[in-house]
Protein chains: 2
Amino acid sequence: MVASLVGDPARANMLTALMNGRALTASELAQEAGITPQTASSHLSKLEAGGLIEPEKQGRHRYYRLTDPDVAGVLEGLAGLAARTGHMRVRTGPKDPALRRARICYDHLAGDLGVQMLDSLRERRLIKQKKQEIELTPDGQRFLSEHLQISSGMLTHPRRPVCKACLDWSERRHHLAGMLGAAMMNRFTELKWAARDATPGSRVVNFTRTGEKQFAALFGNGKD
Amino acid sequence: MVASLVGDPARANMLTALMNGRALTASELAQEAGITPQTASSHLSKLEAGGLIEPEKQGRHRYYRLTDPDVAGVLEGLAGLAARTGHMRVRTGPKDPALRRARICYDHLAGDLGVQMLDSLRERRLIKQKKQEIELTPDGQRFLSEHLQISSGMLTHPRRPVCKACLDWSERRHHLAGMLGAAMMNRFTELKWAARDATPGSRVVNFTRTGEKQFAALFGNGKD
DNA sequence: TCAATGCTTCGGCTATCATCGAAGCATGAA
DNA sequence: TTCATGCTTCGATGATAGCCGAAGCATTGA
């Protein structure tokens, strides 16, 4: 059963560490979970057998990543339930507010700012919800290439949708996932608007002073 | 952690039994999980503490139900992961094809037919996706009151959305959830188009001969 | 009041599994 | 080859937690 895999605290810590979309080595994950490499090795093979993570050999390192954005989605869902019922394993330290404001959800922007961005895109008709998925409008394509230098050609992927709504556990509303979500986050980083927090395993995204202004200019709404 | 609650086989069986949306007594759940009432009692209090289920006293019985459609959603998500990686705890008996065709997902129709229904509603513009939720169009309201005697007044609920897309683990596409999904399933039952399978705990929905025809007339598309 | 039913609490048993030390393989560097 | 690093396998230990029998409450019905 998948749930029992996620249920163990050590494994849950590892998975949480992988939620930022980066691949980590076995030793890094061991440290993240606070266990010895032997124990971690056992856990990692179980997670791999369960199809939750995927290894990639590189020299004498073994990098692990989540197999799929879907896995990240289910993990977010579980976190949402936990958050709602107040039974979170989370340390509500000083990092918490920053987490709620902006964080990495697998490979795209989540938190207050992520939700705000999707709202703005929707209100200005830059995206449209057709079928059950989100679609870029022509206006949206223009907007992206003009302001963020993202062409629609960059967004095609054989198995991953361009746009997708992803439920945000802290805001309990949707933010933008999919290829576009990833591409935009990537661009923010390139433009030095924002950077992932330096502390390893952290999901926090820090915006620079000017980055915040630019972001607000594009997607802002004074309040909230 | 929520996942560890779901991880235990006995508890997972109980939750699965509750996925059909009906409330079950503690003893029924004990039998469902194949354990004694004492053990079940312990599990149930843990699930309740974790906010996954909710009790309701009635005489000397204690009925339990899932607290929320969201809980059902996460459980479906986990089932989806398990199904995909082939690591399901499910007995792939003869019931499986029937399950994939039509089943109860908490309180609405899921499986092949559920997906087909949502597709049909969408194609005929009886629903529209505005914001991140589905909305009924005026045409849709007429359609419902005319063919299924469902008025929009029946669909308002303080905390539950009228329409919602729910990811189907067997089809990996969306079907219709929310108040409307529940109301429609309910109507199908009243009209004797379909009935829940008699075996206790089963999620299978059996359509009658005429029910299948009527359903196909409303939402059908020859193939698939 | 007495008895029956449904559920919970308590105590003790047992099995599972996470954990780590030590040893064994790989890979890469000198 | 020799050594160091990264990871895995093996074996033993220990703690957690599921499990049930017995007893204890609560509710219903006679």
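- Among the heavy atoms of the strands lying under 4.0 Å from B/A10 are primed sugar atoms or P, OP1, OP2 only; no base atom is included.
- Under 4.0 Å is where a charged nitrogen must lie from a carboxylate oxygen, and between A/E48 and A/R62 at least one such pair does.
- Taking only side-chain atoms of A/K46, from C-beta outward, the nucleotide of C/dA18, D/dC20, D/dT9 with the closest atom is C/dA18.
- In B/Q31, the CD atom is not crowded: 12 or fewer heavy atoms of neighbouring residues, nucleotides or ligands sit closer than 6.0 Å.
- Between A/L24 atom CG and D/dG6 atom P the separation is 15 Å, expressed in whole Å.
- With values rounded to the nearest 0.5 angstrom, B/L118 atom CG is found 10.5 Å from B/F219 atom CZ.
- Using a 3.5 Å distance cut-off with no hydrogens or angles, the side chains of A/R65 and A/Y63 do not pair a donor with an acceptor.
- Rounding to whole angstrom units, CZ of residue B/R62 and C1' of D/dC25 are separated by 13 Å.
- The nearest whole Å value for the distance from the CE atom in B/M1 to the C1' atom in D/dT16 is 18 Å.
- A/T39 has no side-chain polar atom (N or O) that falls below the 4.0 Å cut-off from OP1 or OP2 of C/dA18.
- With rounding to whole Å, A/Y64 atom OH is found 15 Å from D/dG6 atom P.
- We find that CG of A/L5 is positioned 17 Å from P of C/dT16, with the value rounded to whole Å.
- The CD atom of B/Q38 sits 15 Å away from the P atom of C/dG11 (whole-angstrom rounding).
- When the side-chain nitrogen and oxygen atoms of A/H43 are compared with OP1 and OP2 of C/dT19, one or more of them lie within a distance under 4.0 Å.
- Residue B/Y63 is classed as having no contact, given no heavy-atom separation below 4.0 Å to the nucleic acid.
- Using a 4.5 Å heavy-atom threshold, the side chains of B/L180 and B/L144 count as touching.
- A/T25 comes within 4.0 angstrom of sugar-phosphate atoms only, judged by non-hydrogen atoms across all strands, and of no base.
- Comparing atom distances between the A/D8 side chain and each of C/dA18, C/dT8, C/dG21 picks out C/dA18 as nearest.
- Here D/dA17 presents its P atom at 16 Å from CD1 of B/I35, a figure rounded to the nearest Å.
- With rounding to whole Å, B/L44 atom CG is found 12 Å from D/dC19 atom P.
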